[in-house]
Structure formats: structure tokens, C-alpha cells
Amino acid sequence: MSKILSESGMKFLVVKHVVVEGLGAFAPWCEQAGIGLDFVEWERGDTLPDAKNYQAVWVMGGPMNVADEAEYPWLVQEKHWIRRVVQDLQIPYMGVCLGAQLLASALGGAVGAMSAPEVGLGSVYLTQPAKEHPLWQGLPERFLALHWHGQEVQTLPPQGLLLASSDHCRVQAYAVGASAFGIQFHSEVEAHTVADWSQLPAYRCALEQGLGATACETLAQAVQDELPAMTPIARRLFDNFCAIVQERWA
């Protein structure tokens, strides 16, 4: 397990399902804020530590599905671990894409295949409850984000609160309790994200099926063009989550 030492006294644990898909833009912001980071990388054979040593947990995306337990048996362990993090320890949790789906599955929601994958740049719009929610303070009611998924949360877990949707996916963001969140879209995107993720055959296939043979280059340029508008959204989301974490441990 790799580490970045904390200067602020806060330490986050980041669970990565594939090496190439990490915190993205959130990583340097953690460093700037003096937040220490530990990383669990399933591809490299890491194991999950006791989460009680952390102020927050981030669970990132990956090409596998929550039901792929035969191929990825550690998914069973991870879902049990997520349930303990959120329900027993009440540690703030942020799940992105697969991480959002795992949260729903672990807490009694349902995840399944979409009628068609949602891949590319597309609008996300907030629900009415989100407009008063601390995670979304200072954010516009509608904004652009990167989407890259063929599975979706079809039923929220008990006490789940829908916070954002898109035209193709009803559950783009949700909360469970005061400090556990699932975000289906990717706000952590950077200039090199599309090129990095396109190295994974499953991701490249989904991209080309949805957007054509030149999709990687086209989407990479589109993301580059939209970063000036997208990055401030991500930064506000990051700052709001950190404020929730600080309040939890105050």
C-alpha cells in the first residue's frame, strides 16, 4: 500500500480497482490541503486495512461490475468492508462510478446494466434536495461532466437520497446519511484522463462502440476544451466534501 504523508492531521484512504484510475484532479488538491493519502490497489494484490485509522474513504472506478464476484472474488470482501465503513464506523465515504455502484450494492440497493452505455461528455442536473445539500453548495443546477459506464444504480439503498441525474441515467449522485456519497459521473477528469483510460480494452471498446472509431481522440479533445469549465465544478465538490469530513470529526 502506497502512502502520501499528512501535514494537516487528516488522512484519506483511496481504493483503486485498476492502477490507471485513481483520484485524478483530487490528488494534487489533497496534497495542497495537507491531507495524507494511503492507496489500496487491487491489481497489485493489496488488501483492505482497518478503515478506522482514516478520516475519509474514496472508492474509485473500474471496468468490472459489482456482480462480477466469480472473476473478482475480492468484490465480496470490498462490499462487506464498505458496509462497515459507512454503517458501523460512519466514516465519510465518496464512491466514484464503480465506487458509487458498490456503495449502493453494499447497502441494499440494486445495480444493473443500462439499456445503452453512457459514454462521453453530458449534462448533469441537480435534484431539488441537492440545492440545499452541503455537498452541492455553490454549484450550478446543471453542469457538464464525463460519463463512462454501462452499469447504473437502478434502486437506491434504504434512506438513499437522490441528488443528481442525467438524461440517460437517473442516479448520477446520491447520499446515504450525512456523509456517504455515490457519484456516477467523473468530475476528477484531467487533460490526460481519456488517453490513460483508453489503454484499458474494456473502456476503449465501450468508447468506440458509443462514439465511433475515432472516439478516443475526439473525446480527449472535447475534454481538453471543456476543462476550464469542468475543473472549478470538481474543485467545489472536493472542497464541499472536505468540509463535511471536517465537520464529522470536529
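Fair warning: this is a prediction, and the values are worked out from it, not measured in the lab.
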[X] vs [Y] side-chain heavy atoms within contact, under 4.5 Å:
{"X": "Trp197", "Y": "Glu21", "answer": "yes"}
{"X": "Gln246", "Y": "Gln55", "answer": "no"}
{"X": "His17", "Y": "Met64", "answer": "yes"}
{"X": "Cys97", "Y": "Gln184", "answer": "yes"}
{"X": "Lys11", "Y": "Ile35", "answer": "no"}
{"X": "Pro140", "Y": "Ile233", "answer": "yes"}
{"X": "Arg170", "Y": "Leu162", "answer": "yes"}
{"X": "Leu219", "Y": "Leu146", "answer": "yes"}

### Query
With the threshold set at 4.0 Å, does a side-chain nitrogen-carboxylate oxygen contact exist between Glu69 and Lys79?
yes
### Task
In plain terms, say whether Lys52 and Asp50 are close enough for a salt bridge, that is, a side-chain N and a carboxylate O under 4.0 Å apart.
yes
For atom [atom1] of [X], decide whether the heavy atoms of other residues, nucleotides or ligands shown that lie under 6.0 angstrom number more than 12.
{"X": "Gln32", "atom1": "CD", "value": "yes"}
{"X": "Glu247", "atom1": "CD", "value": "no"}
{"X": "Glu141", "atom1": "CD", "value": "no"}

State, to 0.1 Å, how close [X] and [Y] come at their nearest heavy-atom pair, and which atoms those are.
{"X": "Val119", "Y": "His149", "value": "CG2-N, 4.4 Å"}
{"X": "Cys169", "Y": "Glu152", "value": "SG-OE1, 3.8 Å"}
{"X": "Gly182", "Y": "Leu103", "value": "N-CD2, 4.0 Å"}
{"X": "Leu139", "Y": "Leu237", "value": "CD1-CD1, 4.4 Å"}
{"X": "Thr127", "Y": "Ala164", "value": "CG2-N, 3.9 Å"}
{"X": "Pro63", "Y": "Tyr203", "value": "N-OH, 3.3 Å"}

Is [X] linked to [Y] within one hydrophobic cluster, defined over Ile, Leu, Val, Met, Phe, Trp and Tyr using a side-chain heavy-atom separation of less than 4.5 Å?
{"X": "Trp249", "Y": "Val14", "answer": "yes"}
{"X": "Tyr125", "Y": "Met230", "answer": "no"}
{"X": "Leu89", "Y": "Val59", "answer": "yes"}
{"X": "Met114", "Y": "Leu102", "answer": "no"}

For the pair [X] (side chain) and [Y] (backbone), establish whether a donor and an acceptor sit closer than 3.5 Å, ignoring hydrogens and angles.
{"X": "Ser187", "Y": "Ala234", "answer": "no"}
{"X": "Thr231", "Y": "Pro228", "answer": "no"}
{"X": "Asn240", "Y": "Gln137", "answer": "yes"}
{"X": "Ser105", "Y": "Gln101", "answer": "no"}
{"X": "Glu41", "Y": "Lys16", "answer": "no"}
{"X": "Glu43", "Y": "Val18", "answer": "no"}
{"X": "Glu78", "Y": "Val15", "answer": "no"}

### Query
Run the side chain to side chain contact (heavy atoms under 4.5 Å, CB included) check on His147 and Leu121 step by step: do they pass?
CA-CA 6 Å; His147 307 275; Leu121 292 177; over 6 Å; no
What distance do [X] atom [atom1] and [Y] atom [atom2] have between them, rounded to the nearest 0.5 Å?
{"X": "Ile82", "Y": "Leu75", "atom1": "CD1", "atom2": "CG", "value": "9.0 Å"}
{"X": "Phe143", "Y": "Leu126", "atom1": "CZ", "atom2": "CG", "value": "5.5 Å"}
{"X": "Trp81", "Y": "Leu48", "atom1": "CH2", "atom2": "CG", "value": "5.5 Å"}
{"X": "Phe12", "Y": "Cys242", "atom1": "CZ", "atom2": "SG", "value": "4.5 Å"}
{"X": "Leu37", "Y": "Tyr54", "atom1": "CG", "atom2": "OH", "value": "10.0 Å"}
{"X": "Leu135", "Y": "Ile244", "atom1": "CG", "atom2": "CD1", "value": "5.0 Å"}

### Task
Dump the intermediate steps for side chain to side chain contact (heavy atoms under 4.5 Å, CB included) on Thr47 and Val40, then the final yes or no.
CA-CA 7 Å; Thr47 57; Val40 170; over 6 Å; no
### Task
Classify the ring geometry between Trp58 and Phe26 as parallel (under 30°), tilted (30 to 60°) or perpendicular (over 60°).
tilted
### Task
Return the orientation label for the Phe238 and Trp29 ring planes: parallel under 30°, perpendicular over 60°, tilted otherwise.
tilted
### Task
Take Trp148 and Val194 through the side chain to side chain contact (heavy atoms under 4.5 Å, CB included) test and state the conclusion after the steps.
CA-CA 10 Å; Trp148 207 325; Val194 174; 4.2 Å; yes
### Query
Do His186 and Glu188 have side-chain N/O donor and acceptor atoms under 3.5 Å apart?
yes
### Message
If we check side chain to side chain donor-acceptor pair (under 3.5 Å) with Gln172, which of these qualifies: Ser166, Ser165, Ser123?
### Response
Ser166
### Message
Pair Gln87, Leu107 - check side chain to side chain contact (heavy atoms under 4.5 Å, CB included), show working.
### Response
CA-CA 9 Å; Gln87 291 187 335; Leu107 299 185; 3.6 Å; yes
### Query
Does the pair His168 and Glu118 meet the rule for a side-chain hydrogen bond (donor to acceptor under 3.5 Å, both in side chains), with working shown?
CA-CA 7 Å; His168 302 288; Glu118 185 179 32; 5.6 Å; no
### Query
Can we call the ring centroids of Phe241 and Tyr93 under 6.0 Å apart?
no
### Query
Looking at His133 versus Phe181, is the centre-to-centre ring distance below 6.0 Å?
yes
